[in-house]
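Reading through the structure tokens given below for one structure.
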Amino acid sequence: MKLDVIKLDGGKAGDIELDADLFGLEPRADILHRVVRWQRNNAQQGTHKVKTRSEVKYSTKKIYRQKGTGGARHGARSAPIFRSGGIYAGPTPRDHGHELTKKFRKLGLRHALSAKAKAGELVVIDAAESDGKTGALAKQVANLGWKRALIIDGATVNEGFAKAARNIEGLDVLPSMGANVYDILKRDTLVLTKAGVEALEARLK
């Protein structure tokens, strides 16, 4: 499939032939869902913690005698049945991550790229280069109509461009190795440089 290549100033810079195996698939929601879930679960800290009966600070003295009170039998104020007592079977620190094969992760990335191409939310630019001035880049981005965009460059991101884009709301910049399903789907527009297209094709073949 062919796509027009533009410059940051909006001018045309020819066209590019995109690999149908990466950008021409029929997107599958189940594949995208599994990969996004894997990403978000791996990113979860898992540091949630509650105090159990043995950890709350109370006297261990029996709170009242065993018999003759007419009430239930209790041994300690730290029992889960009491207010501010220990929590029974509460969350403890753990790893929420799970495994997903490298082959499936690559498939998910291909489907994410295809989803953007099919929705008409894929843009290819000649190069992502800037003199480091945020105001100038912000004006160019506004003129192009990018409100929530992810820009994926080649192996490295131009230092001046990264500096200029750092303070623009809704604009993310990643090298090709940082491309991932969650960030691609999160933004309204996916912008690839020509170097980024080549790097992604080499990575996902």
Side-chain angles (χ1 to χ4, degrees), residues 1-8 10 12-48 91 94-128 141-142 144-158 161-162 165 168-205:
M1 58 182 289
K2 262 189 180 177
L3 203 68
D4 290 335
V5 179
I6 63 169
K7 297 176 182 176
L8 278 172
K12 292 201 171 179
D15 53 45
I16 190 169
E17 187 71 39
L18 298 177
D19 192 335
D21 290 339
L22 268 69
F23 298 93
L25 301 174
E26 187 61 39
R28 278 180 50 184
D30 59 322
I31 291 175
L32 295 173
H33 174 263
R34 279 186 64 186
V35 179
V36 169
R37 186 169 163 267
W38 168 79
Q39 269 189 253
R40 301 315 296 155
N41 281 2
N42 280 346
Q44 195 170 343
Q45 282 186 317
T47 53
H48 39 24
R94 68 185 179 91
D95 181 11
H96 289 265
H98 61 268
E99 290 301 316
L100 201 63
T101 62
K102 196 179 286 187
K103 190 176 179 181
F104 198 92
R105 282 180 265 160
K106 280 188 175 182
L107 180 64
L109 196 47
R110 285 200 290 266
H111 276 264
L113 295 171
S114 296
K116 285 296 179 187
K118 187 177 181 183
E121 296 171 351
L122 177 65
V123 178
V124 179
I125 60 175
D126 188 35
V141 168
L144 289 166
W146 301 343
K147 290 183 180 176
R148 298 176 72 250
L150 170 66
I151 299 174
I152 297 177
D153 207 345
T156 57
V157 177
N158 176 269
F161 188 85
I168 299 176
E169 188 181 357
L171 192 67
D172 286 337
V173 184
L174 290 173
S176 60
M177 282 309 292
N180 63 86
V181 174
Y182 178 71
D183 282 331
I184 289 171
L185 297 180
K186 188 172 72 168
R187 295 302 186 187
D188 296 334
T189 308
L190 174 62
V191 182
L192 302 177
T193 63
K194 286 170 81 172
V197 171
E198 290 172 12
L200 284 171
E201 287 179 349
R203 173 182 166 188
L204 298 173
K205 275 291 177 88

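Here the structure is a predicted model, which is why all the values come from computation and not from measurement. Hydrogens, waters and symmetry mates play no part in the numbers below; they use all other heavy atoms, side chains included.
In this structure, the side chain of Gln39 engages the main chain of Tyr182 through a donor-acceptor pair within 3.5 Å. Proximity of a side-chain donor or acceptor of His111 to a complementary backbone N or O of Arg28 within less than 3.5 Å is detected. Remark: side-chain polar atoms of Trp38 are paired, donor with acceptor, to backbone N or O of His98 under 3.5 angstrom. A donor-acceptor contact shorter than 3.5 Å links the side chain of Arg203 to the backbone of Ser176.
Side-chain contact between Leu204 and Leu113: present, with at least one pair of heavy atoms (C-beta onward) separated by less than 4.5 Å. No side-chain heavy atom of Leu109 sits under 4.5 Å from any side-chain heavy atom of Val35. Side-chain contact check for Leu8 versus Phe161: some heavy-atom pair is nearer than 4.5 Å. Residues Pro175 and Thr156 form no side-chain contact, since every pair of their non-hydrogen atoms from C-beta on lies 4.5 Å or further apart. His48 is listed as a side-chain neighbour of Arg94, based on a closest heavy-atom distance under 4.5 Å.
More than 12 heavy-atom neighbours from other residues, nucleotides or ligands sit within 6.0 angstrom of CD on Glu17. The environment of NZ in Lys186 is crowded: more than 12 heavy-atom neighbours from other residues, nucleotides or ligands sit within 6.0 Å. Counting non-hydrogen atoms of other residues, nucleotides and ligands closer than 6.0 Å to CZ of Arg105 gives a total above 12. At most 12 non-hydrogen atoms from other residues, nucleotides or ligands lie less than 6.0 angstrom from NE2 of His33.
Exactly one of Leu192, Asp126, Val197 qualifies for a side-chain contact (heavy atoms from CB on, under 4.5 Å) with Val5. That residue is Asp126. Screening Leu174, Thr189, Val141, Val191 for a side-chain contact (heavy atoms from CB on, under 4.5 Å) with Ile151, the sole residue that qualifies is Val191.
For the pair Lys116 and Ile184, the tightest heavy-atom approach, listed with the atom from each and the gap, is CE-O, 3.0 Å.
Salt bridge present: Lys118 and Glu26 bring a charged side-chain N and a carboxylate O closer than 4.0 Å.
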